[in-house]
Amino acid sequence: MNTYVVTSAPPSPDADPHLGRLAGPFLGADVLTRHLRQRGHHVRYVGYCDEYSPRVASRAAEAGVTPHALARVVGDRIGDALALGAMRPDWFTRPLTDAAHAQWVRRFFLALWEAGELEARELPVFRCAPCDRYLHGADARGGCRHCAAPVDGASCGSCGLPQGPGELVEPRCADCGTVPDTVLRRRIAFPLERHRERLVAHYGGARDRAGAFLDRLLAAGLPVVPVSGVADHGIPVPLPEWEGHVLDTAFSGVWGLVAATERLAEAYGEKDGALPLWSDPDTRIVSFTGVDQLFAHVVLWPALLLAEGTLGLPARVVAGEDVRPRDAESSAVWGADFLRRTNADALRFHLCLTAAERTEDDPSPAEFSLGEYADTVATVLAGGLETWTDTVLDLLAEDFRRTVPPAAPAGPMTAERHDLTRRVADALAPGAYAPARAAEALAAVVERALIDVHRLRVLRDAGQEREYATGLAAHVELLAAFTVAAAPLMPGWSAFLAGELGIAVDRETRLPLWAGGDERLVPAGTVLPESVPVYFHEQR
């Protein structure tokens with residue numbers, strides 16, 4: 001058994017919690033967490049809401065409310081949306097209401113400052129004369145200096161690369177639209193360049209998206225990253241000579257995840273807290289993020305952890321795309337209201353099925369189509385999985401008095417069972433995490449099983465009782481194995497059908513126990529129900 005810390009990217013609560021912002025990092029982290037727990041590993045899954053983001057202050061000014069008020073309202077909506085989608089972390093830290101966040105940020109800031117890892121530097125910053133303020137992050141908007149896409153002063157949502165202090169193409173003040181001046185300002189900064197070799201060694205030439213992103217950033221040049229700025233919204237710099245400066249959210253985020261782990265440890269009654277877990281070299285940390293957080297998760301946060309020296313680095317960074325509505329009909333359902341009206345397991349399965357593995361050479365965004373979602377429900381789930389389940393139970397009721405026959409499973413579906421569990425396990429392994437491949441394997445089994453049940457009817461009608469009995473027993477076992485294998489993707493449905501089939505479910509994780517061996521999941525002689533209630537409904 002291994003120990004894992006799984007983290008999800010902190011969303012900035014400056015916009016509605018739509019599916020696109022949540023599906024990539026949060027669903028991915030949730031699926032991996034369930035898979036690892038099902039295999040018996042010790043997992044702590046944490047996330048935190050980025051309430052100190054400069055975007056919050058900017059959007060709050062536009063809405064005429066305080067940053068705290070906006071962060072609380074939208075942060076609650078993000079939490080609600082995650083709960084509706086059955087993808088809420090074990091602990092979801094809200095910095096504005098949790099003192100542990102600020103305490104950990106100050107603790108690690110002071111440790112880095114005293115170690116000389118942070119420096120005071122004169123750095124360029126935008127200043128808007130009409131507004132009489134310095135423009136940090138979302139206060140300024142313009143074009144990305146790397147790809148020219150529209151961006152604010154933070155990392156680019158298209159290419160993921162950072163802008164650097166005072167660097168934007170055709171900058172404008174976000175409030176009044178004025179072209180700002182560029183002035184020098186004394187700020188606390190973190191020089192990334194000194195950690196270049198250790199970052200390269202950590203990723204070891206990995207050719208996943210994180211490794212490719214690091215290569216692009218190295219080619220563009222590692223920036224000096226400001227970690228403080230003058231603002232009313234944020235955690236104050238804990239140094240007397242820096243009054244009025246707050247710590248940048250990009251610096252604070254990684255320590256927010258440590259704080260979330262601390263709170264979770266307290267909830268479990270673990271007295272040692274977060275530090276032993278994060279500092280143990282045997283703990284495997286897996287981070288999930290979106291494109292606009294690539295710089296923080298792949299480069300800045302690992303470099304900060306290297307500089308701090310006692311905490312572990314992510315063994316894997318999984319970058320998920322924001323999912324965008326494909327058409328007007330899909331856009332009309334975008335948002336938390338859709339989560340309230342739809343089946344969470346069906347949506348989770350569809351998002352995994354359509355989570356294509358993208359590369360740096362394929363910049364096309366992931367898309368959500370309401371029509372494709374309805375088709376997944378109608379053909380794979382309601383019209384596929386449930387039809388298969390109903391047919392197997394019908395045959396048992398008609399010919400075996402609802403009792404699993406004593407004949408040993410045999411036929412093509414026996415091989416399907418072993419292949420399915422192997423393919424899903426391989427697809428969801430942390431080192432090669434690919435939920436689309438797991439969902440595709442499950443969908444393919446449903447299609448082949450529906451074809452094979454017609455063969456069973458032919459065998460029965462031809463009087464080949466032995467072949468019919470062994471084939472039906474194989475279908476029962478395959479259906480049971482499918483129920484177990486699908487649990488990380490569709491936890492609610494899996495627990496539901498496991499109960500109907502008499503499969504053991506772990507009390508703590510509420511997941512069916514992993515089916516890896518040859519022992520039958522539904523033993524001969526088990527009496528199964530004649531039918532089960534409808535779980536999925538076709539989406540119209």
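Note that the structure is predicted; figures quoted are calculated from it, not measured.
Checking Val5, Leu313, Thr310 one by one against Trp278, the side chain to side chain contact (heavy atoms under 4.5 Å, CB included) holds for a single residue, Val5. Thr3 pairs in a side chain to side chain contact (heavy atoms under 4.5 Å, CB included) with only one of the listed residues (His42, Arg284, His41, Arg44), which is His42.
The backbone N or O of Thr389 lies less than 3.5 Å from no partner atom in the side chain of Glu386, so there is not a single donor-acceptor pair. No donor-acceptor pair under 3.5 Å is formed between the side chain of Ser369 and the backbone N or O of Arg326. Of the possible polar contacts, none joining the Glu262 side chain to the His101 backbone as a donor-acceptor pair under 3.5 Å is found. Between the side chain of Thr283 and the main chain of Ser279, no donor-acceptor pair closer than 3.5 Å is present. Here the side chain of Arg402 pairs no donor or acceptor atom with the backbone of Ala397 at under 3.5 angstrom. A donor-acceptor contact shorter than 3.5 Å is absent between the side chain of Arg423 and the backbone of His418. Of the possible polar contacts, one joining the Arg37 side chain to the Val43 backbone as a donor-acceptor pair under 3.5 Å is found. At least one donor-acceptor pair under 3.5 Å links the side chain of Thr403 to the backbone N or O of Arg401.
No side-chain heavy atom of Tyr373 sits less than 4.5 Å from a side-chain heavy atom of Thr354. When side chains are defined from C-beta on, Tyr4 does not count as touching Ile285, because their heavy atoms never get closer than 4.5 Å. Side-chain contact between Leu428 and Leu489: present, with at least one pair of heavy atoms (C-beta onward) separated by less than 4.5 Å. In this structure the side chain of Val317 reaches within 4.5 angstrom of the side chain of Thr289, judged on heavy atoms. The side-chain heavy atoms of Leu351 and Phe368, taken from C-beta on, include a pair separated by under 4.5 Å. Residues Leu381 and Trp493 fail the side-chain proximity criterion, which asks for heavy atoms closer than 4.5 Å. Taking the side chain as every heavy atom from C-beta outward, Val380 and Leu385 never approach each other to under 4.5 Å. Counting heavy atoms from C-beta outward, Pro405 and Leu396 have side chains that approach closer than 4.5 Å.
Across every non-hydrogen atom of Ser252 and Val105, the tightest pair is OG-CG1, 3.7 Å. Summarising the geometry of Ala86 relative to Arg348, their closest heavy-atom pair is O-NH1, 2.6 Å, with the distance given to 0.1 Å. A pairwise comparison of heavy atoms in Leu442 and Phe482 identifies O-CE1, 3.2 Å as the closest pair. Scanning all heavy atoms of the two residues, the minimum distance from Glu266 to Arg263 falls at OE1-NH1, 3.0 Å. Scanning all heavy atoms of the two residues, the minimum distance from Pro302 to Val298 falls at CG-O, 3.3 Å. Trp104 and Trp255 make their closest contact through CB-O, 4.0 Å (heavy atoms, listed as atom of the first residue, atom of the second, distance).
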For Phe288 and Tyr45, run side-chain contact (heavy atoms from CB on, under 4.5 Å): C-alpha distance rounded to whole Å, both residues' side-chain angles, the deciding distance at 0.1 Å, then the answer. CA-CA 11 Å; Phe288 285 78; Tyr45 170 30; over 6 Å; no
What's the verdict on side-chain contact (heavy atoms from CB on, under 4.5 Å) for Trp301 and Leu306, showing C-alpha distance, side-chain angles and the deciding distance? CA-CA 9 Å; Trp301 292 359; Leu306 285 170; over 6 Å; no
Is there a side-chain contact (heavy atoms from CB on, under 4.5 Å) between Leu528 and Leu393 once you walk through the steps? CA-CA 7 Å; Leu528 297 180; Leu393 294 179; 4.0 Å; yes
Assess whether side chain to side chain donor-acceptor pair (under 3.5 Å) is satisfied between Asp394 and Thr391, documenting all intermediate values. CA-CA 5 Å; Asp394 285 345; Thr391 302; 5.5 Å; no
Determine, step by step, whether Leu161 and Arg216 satisfy the side-chain contact (heavy atoms from CB on, under 4.5 Å) criterion, reporting the C-alpha distance in whole Å, the side-chain angles of both residues, the deciding distance to 0.1 Å, and the verdict. CA-CA 8 Å; Leu161 293 173; Arg216 286 197 295 122; 3.6 Å; yes
Got a list of side-chain donor-acceptor pairs under 3.5 Å for residues 468-481, not counting sequence neighbours?
unit_1	atom_1	unit_2	atom_2	d
Tyr468	OH	Asp399	OD2	2.5
Thr470	OG1	Arg466	O	3.2
Thr470	OG1	Glu467	O	3.1
His475	ND1	Trp388	NE1	3.1
His475	NE2	Asp452	OD2	2.7
Glu477	OE1	Arg417	NH1	2.8
Glu477	OE1	Leu521	N	2.8
Glu477	OE2	Leu521	N	3.2
Glu477	OE2	Val522	N	2.9

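Annotation: the span from Met490 atom CE to Asn343 atom CG amounts to 9.5 Å, rounded to 0.5 Å. Note that CG of Leu294 and CG of Leu217 are 10.5 Å apart. Values are rounded to the nearest 0.5 Å. Between Leu218 atom CG and Arg196 atom CZ the span is 5.0 Å, to the nearest 0.5 Å. Leu347 CG to Arg341 CZ: the interatomic distance, rounded to the nearest 0.5 Å, is 11.5 Å. Note: Leu82 CG to Asp30 CG = 9.5 Å, rounded to the nearest 0.5 Å. Distance check, rounded to the nearest 0.5 Å: OH of Tyr433 to CG of Asp426 gives 14.5 Å.
We find that Asp419 and Arg422 are joined by a salt bridge, their nearest charged nitrogen and carboxylate oxygen being less than 4.0 Å apart. Salt-bridge check for Glu440 with Arg437: failed, with every basic side-chain N at 4.0 Å or more from each acidic carboxylate O.
Residues Ser8 and Tyr48 have side chains that never bring a donor and an acceptor to within less than 3.5 angstrom of each other. For the 3.5 Å distance criterion, the side chains of Trp91 and Thr261 fail to qualify, holding no donor opposite an acceptor. Side chains of Ser287 and Thr7: a donor on one and an acceptor on the other come within 3.5 Å. Side chains of Thr387 and Asp390: no donor on one and acceptor on the other come within 3.5 Å. In this structure, a donor-acceptor pair under 3.5 Å is present between the side chains of Asp345 and Tyr535.
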